[in-house]
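The structure under discussion appears below in the form of structure tokens.
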Amino acid sequence: MSTPIFFDQVYEVIRRVPRGRVTTYGRVAAMLGRPNAARAVGYALRAAGQRRRGDTRTADLPWYRVINSAGRISLPNMRGGADRQAELLRAEGVVVSDDLLIDLSVYLWEGLHPIEIDDILSGRGEP
DNA sequence: ACAGTGACAACAT
DNA sequence: TATGTTGCCACTG
């Protein structure tokens with residue numbers, strides 16, 4: 001089954017977000033060289049949620065470490081989704097306020113160095 | 001080929 | 001501060 005390149009790149013980056021840290025849709029897009037593709041990143045994560053388990057590309061994907069640029073969890077329309085994400089983050093030490101806000105000045109993961117990104121884009125990243 | 005969709009983001013009221 | 005609008009992008013029938 002062919003999988004969209006961009007989606008896989010998104011998953012590879014998200015896999016590298018450290019425990020107890022978060023990043024944003026926009027930053028992930030920027031890391032991949034597409035500063036205006038934040039929306040597509042969200043699209044990729046939604047697709048990941050639809051994947052059947054067993055797909056090595058999305059299995060154990062720390063999707064919950066991705067939040068929006070305002071530092072808030074955004075999971076519209078998903079039943080109990082936002083609360084679930086908050087729980088998963090708290091479980092690894094991230095402080096999430098009652099209104100689902102996270103302090104980016106404390107938990108934001110700055111991202112990868114350009115060299116590492118190159119490796120990922122060229123399929124040379126660690127499996 | 002092309003219009004529709006959405007887990008965004010920046011800006012305008 | 002809180003909504004609403006507009007630009008963007010990759011993927012899907």
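Below, read A as the first sequence line, B as the second, and so on, with proteins coming before strands; counting in each chain starts at 1. None of these values were measured; they are calculated from a predicted model.
For A:Leu104 and B:dC8, the CG to C1' distance is 14 Å, given to the nearest whole Å. Going from atom CD of A:Gln50 over to atom C1' of C:dG13 covers 16 Å, rounded to whole Å. Following rounding to the nearest Å, A:Ile73 (CD1) and B:dC8 (C1') show an atom-to-atom distance of 16 Å. Remark: C1' of C:dT1 and CG of A:Asp99 are 13 Å apart, rounded to the nearest angstrom. The distance between atom CZ of A:Arg34 and atom C1' of C:dA10, rounded to the nearest whole Å, is 9 Å.
At a threshold of 4.0 angstrom between heavy atoms, the contacts of A:Phe6 are confined to the sugar-phosphate backbone, with no base atom among them. Counting any heavy atom pair closer than 4.0 Å across all strands shown, A:Ile67 reaches no nucleic acid atom.
Between A:Ala40 and A:Asn68, the one whose closest nucleotide on DNA chain B sits nearer the 5' end is A:Ala40. Residue whose closest nucleotide on DNA chain C sits further toward the 5' end, between A:Arg39 and A:Tyr43: A:Arg39.
Remark: A:Arg65 engages A:Glu92 in a salt bridge, criterion side-chain N to carboxylate O under 4.0 Å. Ion pairing between A:Arg90 and A:Glu87 holds under the 4.0 Å rule for side-chain N and carboxylate O.
Considering only side-chain N and O atoms, A:Ser69 lies under 4.0 angstrom from the phosphate OP1 or OP2 of B:dA9. Remark: A:Thr24 is not in phosphate contact with B:dC8, judged by side-chain N or O atoms under 4.0 Å from OP1 or OP2.
For A:Ala37, the side-chain atoms get nearest to C:dC9 when compared with the rest of B:dC8, C:dC11, C:dC9. You'll find that the side chain of A:Ser74 is closest to B:dA7, out of B:dA10, C:dC9, B:dA7. Candidate nucleotides B:dA9, C:dA10, B:dA7 were compared by shortest atom distance to the side chain of A:Leu75, and B:dA7 ranks first.
In this structure, the side chains of A:Asn68 and A:Thr24 stay at 4.5 Å or more apart for every pair of heavy atoms.
Atom CG of A:Asp99 sits in a crowded spot, with more than 12 heavy atoms from other residues, nucleotides or ligands closer than 6.0 Å.
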